[in-house]
Amino acid sequence: MSKTISILGSTGSIGRQTLDVAEQMGLRVAALTAHASVERMEEQVRQFKPRIAVLTDEAAAKDLAVRLADTDTKVLGGFDALVEAATVPEADTVVTAVVGMVGLKPTLAAIKEKKRIALANKETLVCAGELVMDAADAAGAEIVPVDSEHSAIFQCVQGCADRREIKRLILTCSGGPFYGMTYDEVGKMTKADALRHPNWKMGPKITVDCATLMNKGLEVIEAMRLYRLTLEQVSVVIHRQSIVHSLVEYRDGAVLAQLGTPDMRLPIRYAMTYPERGVNPAEPLDLLTCPPLTFAAPDREAFPCLRLAEEAATEGGTACAILNGANEEAVRLFLADKIGFHDIPRLVARARATVPVVQSPALEDILEADRAARESVLR
Ligand code: NDP
Ligand code: MG
């Protein structure tokens, strides 16, 4: 059970919902970080009084320091300060809610300090899952997933002492805003269309990833790394209602599922209270009024990003870091109106075809793969 937390990415969608949960649970907040959201960070610091507040944008950090001169909070700027926020001695739990691979180094630093990692930042596990899981095993640090599918699986494997009993994981996928369209129809969709997710309100990068189905591809890799499984042991099923959050099939044929309303505060709260369960003041799931639960196969022709992610997962090594780096850069260009929707899989495929894969990578190999993939997209 967490008592004092640090949040990396506190001004974002997961970060703000984590602060809601922290307030409800009466958790102490030791450190908060964001990139450049000065005003929102000032509000959060005044309310939660952390010892450290970080803005990775140096100019924004200077502005914040002036605004917070009357408080006891120490304001830091730059990327190295993320590591300081991730390792503050008084925090027992670090919520990794930054978007992108930038979360990797602070996550590794927090693991070394044996913090519980409440992990939302999936890009970290996609790029360096083996390194992160090995480091957590070596340090004895707990990694409790916040991503709703992985939290569902985590809950369904409680009580499973022998992981060989798991036959496969079944990740559910809402299908995103373009579900049911052909490849050509999807290609005509705009940024505004892509940002309209049917069930979840999230940050812009993951919302675009949901529209391309890259999010589900990243989640397949995340699940493989968290539970050390092969691609054949992780399948994807479309479930439009986002009520069954994922399932675990055991070798005796039993299938366990976790259900709930689509509200990220549920998995966030569980990551804080684990191994106990807290009280949730929100409306519970009502099976009699919720829509009928349906399931369908994903369309890898209309949504090639899912296939690209599965191919990278099979190849292993730095292939997933290349996939992720190229995707982060391509989504950034798409959100800046520089490229079209289908350019995202096209640029990811080009990076995968041109950047060489290193097997059994060290951290430097992963960082280099990420750099080369981004460069390939910007070429
Ligand atoms: P948001 O875009 O809403 O928030 C991102 C946070 O990270 C903000 O605090 C932002 O600060 C900070 N940030 C952005 N870029 C950088 C950077 N380069 N360096 C340091 N900090 C940075 O994202 P979400 O909350 O939606 O997602 C966060 C993570 O959680 C992602 O990995 C996502 O895949 C995962 N996730 C999210 C879910 C959701 O429901 N939102 C569900 C499951 C997983 P600033 O405000 O200053 O830009
Ligand atoms: Mg998810």
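Atoms within each ligand, like the ligands themselves, are counted from 1 in listed order.
- In terms of N/O distances under 3.5 Å, ligand 1 is not approached by M202.
- In terms of the side chain to side chain donor-acceptor pair (under 3.5 Å) criterion, T172 has no residue partners (sequence neighbours excluded).
- Any protein N/O/S atom under 2.8 Å from the Mg ion (ligand 2) was counted, giving 3 altogether.
- Every residue two or more places apart in sequence or in another chain that forms a salt bridge (charged side-chain N to carboxylate O under 4.0 Å, His left out) with R164 is listed here: D162.
- No N or O atom of I206 sits closer than 3.5 Å to an N or O atom of ligand 1.
- Looking at K122, Q17, M101, E328, it is K122 that brings a heavy atom closest to atom 34 (O) of ligand 1.
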Could you list the donor-acceptor pairs under 3.5 angstrom formed between side-chain atoms of residues 25-35 and any protein atom two or more places apart in sequence or on another chain?
residue, atom, partner, partner atom, Å
R28, NE, T4, OG1, 3.3
R28, NH2, T4, OG1, 3.4
T33, OG1, G9, N, 3.0
H35, ND1, T56, OG1, 2.7

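- Note on ring orientation: taking the six-membered ring where Trp is involved, the planes of Y183 and H342 are parallel (angle under 30°, cut-offs 30° and 60°).
- Aromatic ring orientation, F341 versus F178: perpendicular (interplanar angle above 60°, classes split at 30° and 60°).
- At a 3.5 angstrom cut-off on N or O pairs, G12 counts as close to ligand 1.
- Taking all heavy atoms of E123, R40, H35, H150 into account, the minimum distance to atom 32 (O) of ligand 1 is reached by E123.
- Comparing N215, D57, V102 by heavy-atom distance to atom 17 (C) of ligand 1, the nearest is V102.
- Taking distance alone, with nitrogen or oxygen atoms compared against 3.5 Å, I14 approaches ligand 1 more closely than that limit.
- Atom 45 (P) of ligand 1 has its closest protein heavy atom at S37 OG, 3.2 Å.
- Within 6.0 Å of CG on D72 lie no more than 12 heavy atoms contributed by other residues, nucleotides or ligands.
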